[in-house]
Amino acid sequence: MSTSASNRRHWITRRPVSFLGALALCLAASAHADTTTLTVANASKGSSGTPVTMLFPVTRSGDLGYEAVLNYHTLDGTALAGTDYSAASGTITVPAGAGSAMIPITLSSQTGGGANRTFQLQLDGATGIGPTPSFAARQNFAAGTKPDSVTAADINGDGKPDLIVANYGDNTVSVLLNTTAPGAATSSFAAQQTFATGSNPYSVTAADVNGDGKPDLIVANLNDNTVSVLLNTTAPGAATPTFATQQTFATGSIPVAVTAADVNGDGKPDLIVANRNANTVSVLLNTTAPGAATPSFAPQQTFATGWNPRSVIPADVNGDGKPDLIVANQSDNTVSVLLNMTAPGAATPSFAPRQTFGTGTGPDSVTAADVNGNGKPDLIVANRGDNTVSVLLNTTAPGAITPSFAAQQTFATGTTPYSVTAVDVNGDGKPDLIVANGSNTVSVLLNTAAPGAATPSFAAQQTFATGSLPFSVTIADVNGDGTPDLIVANYFLDNTVSVLLNTTALGAATPSFATQQAFGAGSSPYSVTAADLNGDGQPDLIVANANDNTVSVLLNTTAPGAATPSFAAQQTFATGTSPRSVTVADVNGDGKPDLIVANYNFNFVSTVSVLLNTTAPAAATPSFATQQTFVTGSGPISVTAADVNGDGKPDLIVTNGGDNTVSVLLNTTAPGAAAPSFAARKAFAAGSGSQSVTAADVNGDGKPDLIVANSGDNTVSLLLNTTTSGAAIPSFSAQQTFGTGSAPVSITAADVNGDGKPDLIVANYNGNTVSVLLNTTTPGAIPSFAAHQDFATGGGRASVTVADVNGDGKPDLIVANYSGNTVSVLLNATTPGAATPSFAAQQTFGTGTGPVSITSADINGDGKPDLIVANSGSNTVSVLLNTQYQAVFAGSPATGTIVHDYIFANGFE
């Protein structure tokens, strides 16, 4: 097997197969998957007086239990395309169980003699294919008259996505609360509650306008040129939603689409509206005070689009941390891209003049997703006039002031596609396309693009029935099983929304990781995290080095889909004394992740360091401002960031091992400021030997609560957040403690059993176990957790994180084992809604010496979470690439030889 950097492993989804074949392949997909290798060999063929076919043989070895796809193209040699052979590029599929295949290339007719001529066949990617998508028959739920737009949001804070529908025919928005049991095979929703909007509401979205932790409703009203904002007043866990009376704000002429994004980086969602008759988009900056009972927005600023804009979305096209605008223009068959030039905190938005790119006929809807795994949002457009979706791959350079996209590639849909969205339907890490068609169906097109490919590819559509004339489609996990379900608004005749539960089989039963690759860090690296520091779409590594008072930054230089990770040599930046924990957050709202470090040595002043990120987009060398330090409690050992007071800024939370407290420092940094500022710390009591802290909304009130692992008394402390929105002083209830294993030293939170509540996961130093405490809190009530369940791990001081290792939609457990120099991976086998967690026995993978910290990120852009470990004993970080369903290729390029044979030159061969 070749190990060159050009060899890439790729992941795609299964094409339609027979029922028995699908069953067999789904069973294969749920078992262990080893690497498969596709090898191409040289070929030769005699010339002929008529065109003939040369066949390049492909052999397959390794795991044959799943389908694989090989991408290829031809290259001229002494033989020339168009003269000696027909240039070709494309894919071949090698079915599950097959050990061989052929790549056909057509040779041109040749009647003369002469020397043999050669050309080459270059392989571009090999891809393992995930399971075929399947959906249960639709369930229909009544909405208002002519529902034409649908979205999903958790209205009542119970952890379930509720449905919000704009009803064009009766000037209302319907809210249907989700009553589906976790893991249920049938969805259920409470009867709609309707709320008045403006005239002919045409589009609806949800965003937290006033920073109270609840999603508010925003509606574009087509016939009165306004947007309505309805603030959410629903009590946590309530069985009936409530909203304040709408407030309306002027837009351009005939607003047909509305979305929300933080345009000016002040932490508040602003409104963006596509105005069909005005050929503009309106941007209304949010001026609402945190917690206000009435929303307020600055007057609209308008920006020119193409002709008849029908859809608008935000996406960061050039990787500068700002949301740019993408608009589908129905009448001139284009999409417009307007790059965001707004200064952080500005009172007036600014966008560069539009750049337009060709689409199909009558583009009616646009969305963005990273189709080819290169870290950039690509454009996907539903073309109502020619029954296609266009995909335009993003070729914009990071930080560029002019966007660029490859020419569209089109893929067939159903008749009259009205709406498109993208989501990973089958858990292979790639966004698939979902299209609502006027033919009363939704189309699902599975993504078969190789990571980093210059051309997108999708499997032929599969269609599923909806109600009458589906106008809008969105995605949400309705039944909490970890897979995205489809929700469709049916505009004509039946006034319903359809819900199609995702029944696609997902998940391997055994994790697989490549051998660790080690990269140098500082002295005694003690904590590691990952973030895209230079805006190139790849996660970089940040390491806190306890013995030399620095943080190391290693920029990610891994090629998309590469089988081996690569990083630039570390750059180090000074911190305080004995840094023990590092995290990242955008402290000053400039769209870049800044570094926050807890400095442990309490013989000196105990501090956290904040280093603002000054790295230029796509720079090959990171840069940070000199640290600014802020006083904490004694012996700060762990730090995290969360918006404690709902003002849109990340605040700092620090555990202090020397005085058994947790400190909260509210962020007072001005947007775009060159120096961070924080209010003086507020200390809250925790348990004995406070070691690690995380933040999660335990009781569903929209506020991050604090959870602390206490190694001295074998507990976790929970401090409920009682801070008022926008308050200048944080407040938390007195700690409640819950038992763990012996000497808990690391804690995180994740929804283990799919009930919409964050559960607690704790790594225990002495017991070689990880404890899981399921959250049994009723929304808005006093918190409660089930007794801890312990699962065996490796030995010694441990660190724990979670990631969906095998793509089944469930968070798996990953533990760094200090004594054994390993990481343990425990796959989540918990039934949705179960009262007891279940995990497969650990699988262990080797690391460097003395692993003390672990995190997860997709290092090589293949859609799979990889593992990153800080090794304190060997002064390295280990990267273990996730190799589930890994397909690789060898033998490329292969040579094709055209033999000029006088005897058979007249076609007798």
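Quick caveat, the model's predicted, so the values are computed rather than measured. All heavy atoms count here, side chains included; hydrogens, waters and symmetry mates do not.
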Next on the checklist: Walk me through whether Ile434 and Leu486 qualify under side chain to side chain contact (heavy atoms under 4.5 Å, CB included).
Outcome noted: CA-CA 8 Å; Ile434 300 101; Leu486 308 185; 4.0 Å; yes
Checklist entry - Under 3.5 Å, is there a donor-acceptor pair between the Ser187 and Thr180 side chains? => result no
Checklist entry - Under a 4.5 Å cut-off applied to non-hydrogen side-chain atoms, are Arg384 and Tyr418 in contact? => result yes
Checklist entry - Thr415 versus Asn387: any side-chain heavy-atom pair under 4.5 Å? => result yes
Checklist outcome for this item: Heavy-atom closest pair (Thr145 atom, Asp170 atom, distance to 0.1 Å) is N-OD2, 3.0 Å
Next on the checklist: Ignoring hydrogens, what is the shortest heavy-atom contact between Ala695 and Pro704? Give both atom names and the distance.
Outcome noted: CB-CB, 4.3 Å
Item to check | Leu827 vs Val805, side chain to side chain contact (heavy atoms under 4.5 Å, CB included): CA-CA, chis, key distance, verdict | outcome: CA-CA 8 Å; Leu827 293 185; Val805 167; 4.1 Å; yes
Checklist entry - Under 4.5 Å between any side-chain heavy atoms of Pro147 and Val165, yes or no? => result yes
Next on the checklist: Go through it in stages, so that I can follow the logic: the residues are Ser457 and Thr448, the test is side-chain hydrogen bond (donor to acceptor under 3.5 Å, both in side chains), and I'd like the CA-CA distance, side-chain angles, deciding distance and then a yes or no.
Outcome noted: CA-CA 5 Å; Ser457 62; Thr448 59; 2.8 Å; yes
Checklist entry - Which distance, rounded to the nearest 0.5 Å, do you find between the NZ of Lys757 and the CG of Leu774? => result 10.0 Å
Item to check | Side chain Asp697, main chain Gly702, donor-acceptor under 3.5 Å | outcome: yes
Checklist entry - Are Thr240 and Gln193 side-chain neighbours, meaning at least one heavy-atom pair lies under 4.5 Å? => result yes
Checklist entry - Between CG of Asp481 and OG1 of Thr831, what distance do you get to the nearest 0.5 Å? => result 11.5 Å
Checklist entry - Are side-chain heavy atoms of Asp485 and Asp477 found at a separation under 4.5 Å? => result yes
Checklist entry - How many angstroms lie between CG in Leu433 and OG in Ser443, if you round to the nearest 0.5 Å? => result 10.0 Å
Checklist outcome for this item: Heavy atoms of Phe189 and Asn178 approach each other most closely as CD2-CA, 3.5 Å
Next on the checklist: With heavy-atom distances below 4.5 Å as the criterion, would you say the side chains of Pro470 and Asn440 are in contact?
Outcome noted: yes
Next on the checklist: With a 3.5 Å distance limit and no angle check, can you tell me whether Asn828 reaches the backbone of Thr830 through a side-chain donor-acceptor pair?
Outcome noted: yes
Next on the checklist: Tell me whether the rings of Tyr491 and Phe471 are parallel (<30°), tilted (30 to 60°) or perpendicular (>60°).
Outcome noted: parallel
Checklist entry - Of the options Val497, Thr496, Val499, Asn495, which is the one that meets Asn140 in a side chain to side chain contact (heavy atoms under 4.5 Å, CB included)? => result Thr496
Checklist entry - Quick one: do the Ser188 and Thr179 side chains pair a donor with an acceptor below 3.5 Å? => result yes
Item to check | Criterion side-chain hydrogen bond (donor to acceptor under 3.5 Å, both in side chains) against Thr388, the qualifying member of Asn383, Thr410, Thr359, Thr413 | outcome: Asn383
Checklist outcome for this item: Separation between CG (Asn221) and CG (Asn171), nearest 0.5 Å, reads 8.0 Å
Next on the checklist: To check you understand the geometry: which heavy-atom pair defines the closest contact between Ile313 and Val366, and what is its length?
Outcome noted: CG2-O, 3.3 Å
Next on the checklist: Between Phe141 and Gln192, does the side chain to side chain contact (heavy atoms under 4.5 Å, CB included) criterion hold? Intermediate values first, please.
Outcome noted: CA-CA 8 Å; Phe141 301 91; Gln192 64 169 319; over 6 Å; no
Checklist entry - Which value, rounded to the nearest 0.5 Å, describes the distance between Asp162 atom CG and Asn156 atom CG? => result 5.0 Å
Checklist entry - Are any of the side-chain heavy atoms of Leu446 and Pro133 separated by less than 4.5 Å? => result yes
Checklist entry - Under the side chain to side chain contact (heavy atoms under 4.5 Å, CB included) criterion, do Asp148 and Tyr202 qualify, and how do the steps go? => result CA-CA 6 Å; Asp148 63 357; Tyr202 203 77; 3.1 Å; yes
Checklist outcome for this item: In short, Ala257 meets Ser311 closest at the heavy-atom pair CB-CA, 3.9 Å
Next on the checklist: I'd like to know if the side chain of Ser134 pairs up with that of Thr503 as donor and acceptor (distance under 3.5 Å, no hydrogens or angles considered).
Outcome noted: yes
Checklist entry - Shortest non-hydrogen contact from Asp424 to Gly427? => result OD1-N, 3.0 Å
Next on the checklist: Donor-acceptor pair, distance only, cut-off 3.5 Å: does the side chain of Ser365 make one with the backbone of Val420?
Outcome noted: yes
Next on the checklist: What I'd like to find out is whether the side chain of Gln139 reaches to under 4.5 Å of the side chain of Thr186, using heavy atoms alone.
Outcome noted: yes
Item to check | Steps toward side-chain hydrogen bond (donor to acceptor under 3.5 Å, both in side chains) verdict (Thr801, Ser856) | outcome: CA-CA 7 Å; Thr801 191; Ser856 177; over 6 Å; no
Item to check | Rounded distance [0.5 Å steps], CG in Leu230 versus CZ in Phe195 | outcome: 8.0 Å
Next on the checklist: Between Ser149 (side chain only) and Val204 (backbone N and O only), is there a donor and an acceptor less than 3.5 Å apart?
Outcome noted: yes
